[in-house]
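Right, one structure below, let's go through it.
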Amino acid sequence: MRSIYYNGKIYTNDSPEIATSMVVDDGKIIYIGDEFGAFWYNNEHTWLLDLSGEVVIPGFNDSHLHLYGLSMIRKQLKLHTATSIKDVIDKTKTYIEQESIASGNWVIGRGWNQDLFDGHHGFPTKQDLDSISTTHPIVLTRVCGHIMVVNSKALEACNIKEVTKAPFGGELDFEKGLLTEKALGLIYQYIPDPDDETLESMLTDTMNYANSFGVTTLQIDDLSHLNQSDYHRMLNLYQKLDQEGKLTTRLVLQCLLPRIELLDQFIKEGYPNQVYSPYLKVGPLKLLTDGTLGARTAAMRNPYHDDPSTKGLLTYPKEELLALVTKAHLANMSVAMHAIGDKAIEECLDVYEEVLTKHPRKDHRHAIIHCQITDDVLLNRFKTLHVTAIVQPIFLDYDLHIVTSRVGETLASTSYAFQSMLNKGVHLAIGTDAPIEDIDPFANLYASITRKDKCGIPEEGFYPSERLSVKDALYYYTAGCAYSSFDEHHLGKLKVGYHADFVVIDQDIFTIDPDMIPNTKALLTFVGGKKVYERRG
């Protein structure tokens with residue numbers, strides 16, 4: 001069906017930068033310009049929409065998140081507002097009562113952050129959770145998803161004993177019930193999964209939630225989140241939703257395959273770079289190389305400024321990481337590695353450099369996700385190696401308050417260096433890492449442009465020279481993300497021949513006070529010319 005959208009203010013990410021009208025046919029843009037040109041395409045079957053001066057921008061493309069994780073957390077106990085360990089305990093008790101969770105059934109929660117606790121900033125412990133219940137297995141994961149605390153019943157249910165050893169790249173403190181990084185798998189393998197019907201409902205509901213913010217493409221790390229040894233269930237489920245026409249966002253699958261035998265099987269089964277439809281494709285190999293700054297598990301070259309007893313944690317021996325990246329690279333896969341600390345980033349770049357030196361490949365699109373703690377030398381290597389930086393500016397909302405204490409002022413001043421990355425010619429792609437942060441792109445834009453927290457602090461912004469312009473922030477949240485997944489020729493711009501993925505918003509983010517950007521609402525969201533969201537009231 002042909003549609004004409006006219007009398008609007010359409011930001012194209014292309015030339016001309018602003019148009020007033022757009023014509024869409026069969027899901028793609030066939031004209032962008034003024035009303036006079038648009039109405040040459042009008043006929044008796046054309047659907048017309050008067051935009052009444054409203055602003056239109058390309059649909060947001062979240063370059064890294066966890067759709068399954070976001071779907072789960074929307075159903076689980078939420079602890080993001082907990083202000084103390086006692087508050088964590090009280091909220092969990094209330095949740096068990098309100099949800100009528102029977103004795104013996106699992107209690108799963110996420111979101112606590114010890115840095116936001118009043119007074120004492122320690123982690124909750126097994127003893128704290130035992131005071132909630134000794135008959136429910138309780139698992140409460142920190143907001144970052146890289147450290148959890150469990151009670152005695154959970155340890156028992158997972159057959160974890162005092163002599164149990166954590167795998168390489170993880171830590172287990174049996175006495176305190178604390179697990180970090182790869183040790184979390186000791187717990188996750190025992191938590192019951194939702195059935196397929198429930199899971200389908202959760203995923204489609206969360207895609208609709210993304211649409212309500214104008215998000216039209218999701219690059220998701222989900223394949224191994226149900227079962228780290230079997231990626232087929234999630235892959236088959238997304239194919240089923242695609243075949244049934246139930247995908248309301250485009251999906252790029254970032255493939256967490258943490259062991260060489262899994263990656264080898266994945267390659268032999270022919271999955272790399274598969275394109276199932278315009279809505280579903282297989283993207284890069286995803287690997288986790290360190291932890292997080294908040295949990296002090298991000299791998300640093302020097303000891304933490306506020307805890308000299310630790311440098312964080314690398315999750316792979318370099319030889320194993322090199323073997324994984326080499327195998328994926330030779331299978332023509334791109335690789336996207338999670339790295340937050342400067343040591344982890346350095347190791348990722350070292351591995352990329354070694355692989356590319358031995359096996360040169362143009363346009364490889366290898367990436368590092370997060371790229372938080374950097375210096376000028378590391379940033380120059382991104383450019384030299386053509387490595388994409390997949391960043392989450394919204395992390396500044398919390399991190400700007402802790403990064404100087406964690407890593408010292410000198411290193412903090414060169415971190416979250418988004419404008420420096422652009423100045424050096426580094427490819428940038430913006431995302432949220434939901435559910436670590438909410439999927440709301442307008443909060444993320446605000447953080448990119450102002451470098452303030454949600455309360456407007458600091459007034460001048462955190463190292464304001466690293467602020468992005470509105471134009472650049474939007475571009476690298478749309479076209480920049482499309483580039484990261486080889487989709488730059490049909491996504492990210494409102495341009496003839498591109499998919500008609502766009503959002504009508506209620507205020508002009510280019511002309512308003514940047515402090516007002518978080519209040520922006522999506523009025524209408526379209527994916528492939530099909531309306532997938534309309535704001536009511």
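- In the displayed structure, E197 atom CD is contacted under 6.0 Å by at most 12 heavy atoms of other residues, nucleotides or ligands.
- By the 30° and 60° cut-offs, the orientation of the rings of F526 relative to F502 is parallel.
- Note that K493 lies outside the cation-pi zone of Y475, set by a 6.0 Å cut-off to the ring centre and a 45° limit from the axis.
- Distance check, rounded to the nearest 0.5 Å: CG of L257 to CZ of F266 gives 5.5 Å.
- Residue R74 comes nearest to K78 through the heavy atom pair O-NZ, 3.0 Å, listed as atom of the first residue, atom of the second, then distance.
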Intermediate values then yes/no, side chain to side chain contact (heavy atoms under 4.5 Å, CB included), T216 and N61: CA-CA 6 Å; T216 56; N61 182 330; 5.8 Å; no
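- Of all non-hydrogen atoms in L378 and I373, the two that sit nearest each other are CD1-O, 4.1 Å.
- Note that OG of S224 and CZ of R259 are 8.5 Å apart. Values are rounded to the nearest 0.5 Å.
- Across K75, Q76, M72, M148, a single residue satisfies side-chain contact (heavy atoms from CB on, under 4.5 Å) together with I108, and that is Q76.
- A donor-acceptor pair under 3.5 Å links the side-chain atoms of R451 to the main chain of F462, judged by distance alone.
- Salt-bridge check for R406 with D115: passed, with a basic side-chain N closer than 4.0 Å to an acidic carboxylate O.
- Taking NE2 of H64 as the start and CD of Q219 as the end, the distance is 10.0 Å to the nearest 0.5 Å.
- No donor-acceptor pair under 3.5 Å is formed between the side chain of S484 and the backbone N or O of A429.
- Ion pairing of R365 with D363 is present here, as a side-chain N (NZ or NE/NH1/NH2) and a carboxylate O approach within less than 4.0 Å.
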Quick one, Y498 with E488, criterion side chain to side chain donor-acceptor pair (under 3.5 Å). Give me CA distance, side-chain angles, the key distance, then yes/no. CA-CA 9 Å; Y498 278 54; E488 71 271 23; over 6 Å; no
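- Between H329 and H366, the angle of the ring planes lies from 30° to 60°, which puts this pair in the tilted group.
- Under a 3.5 Å cut-off, the side chain of T374 and the backbone N or O of T414 do form a donor-acceptor pair.
- When atom types are taken as modelled, the side chain of D433 and the backbone of I436 share no donor-acceptor pair closer than 3.5 angstrom.
- Nearest approach of L203 to Y238, heavy atoms of both residues: CD2-OH, 3.7 Å.
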Between D376 and K424, is the salt bridge (charged side-chain N to carboxylate O under 4.0 Å, His left out) condition met? List the steps. CA-CA 10 Å; D376 202 54; K424 292 176 182 296; 2.7 Å; yes
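- In summary, D196 and R233 engage in a salt bridge, as defined by a charged side-chain N under 4.0 Å from a carboxylate O.
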Run Y416 and D399 through side chain to side chain donor-acceptor pair (under 3.5 Å) and show every step you take. CA-CA 10 Å; Y416 308 85; D399 286 2; 2.7 Å; yes
Evaluation steps, side chain to side chain contact (heavy atoms under 4.5 Å, CB included), between V55 and V504: CA-CA 6 Å; V55 172; V504 183; over 6 Å; no
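- Between D506 and K521 there is no salt bridge, since none of the side-chain N atoms of the basic residue sits less than 4.0 Å from a carboxylate O of the acidic one.
- In terms of heavy atoms, G341 sits closest to D290 at N-OD2, 2.9 Å.
- In this structure, H427 and Y483 have parallel ring planes: the angle between them is below the 30° cut-off, well short of the 60° mark.
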Worked verdict on L263 versus I267 for side chain to side chain contact (heavy atoms under 4.5 Å, CB included): CA-CA 6 Å; L263 176 58; I267 293 169; 3.9 Å; yes
Can you list the steps and then say if K9 with V56 is a side chain to side chain contact (heavy atoms under 4.5 Å, CB included)? CA-CA 6 Å; K9 191 174 185 181; V56 177; over 6 Å; no
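- Annotation: the span from L67 atom CG to I220 atom CD1 amounts to 5.0 Å, rounded to 0.5 Å.
- In this structure, CD in Q392 is found 10.5 Å from CD1 in I394, a value given to the nearest 0.5 Å.
- Shown here for E347 and K318, the closest heavy-atom pair between the two residues is OE2-CA, 3.8 Å.
- For the pair D350 and R381, the salt-bridge criterion is met [side-chain N within less than 4.0 Å of a carboxylate O].
- In terms of heavy-atom proximity, L199 sits nearest to M234 at CD2-SD, 4.0 Å.
- Aromatic ring centroids of Y463 and F418 lie 6.0 Å or more apart.
- Distance OH/Y477 to CG/N444: 4.0 Å, rounded to 0.5 Å.
- Checked options D242, D487, D501, T217; the residue passing with R250 is D501 (criterion: side chain to side chain donor-acceptor pair (under 3.5 Å)).
- Taking the ring centroids of H489 and H499, they lie at or beyond the 6.0 Å cut-off.
- Side-chain atoms of Y446 come within 3.5 Å of backbone N or O of D453 as a donor-acceptor pair.
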As a quick check of understanding, evaluate side chain to side chain donor-acceptor pair (under 3.5 Å) for T315 and E181, giving each step before the final call. CA-CA 7 Å; T315 58; E181 305 306 333; over 6 Å; no
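- Formation of a donor-acceptor pair under 3.5 Å by the S420 side chain with backbone atoms of A417 is not found in this model.
- For H401 (side chain) and L396 (main-chain N/O), no donor-acceptor pair under 3.5 Å exists by modelled atom type.
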As a quick check of understanding, evaluate side chain to side chain donor-acceptor pair (under 3.5 Å) for E17 and Y11, giving each step before the final call. CA-CA 6 Å; E17 289 188 1; Y11 289 96; over 6 Å; no
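- Under 4.0 Å is where a charged nitrogen must lie from a carboxylate oxygen, and between K240 and E200 at least one such pair does.
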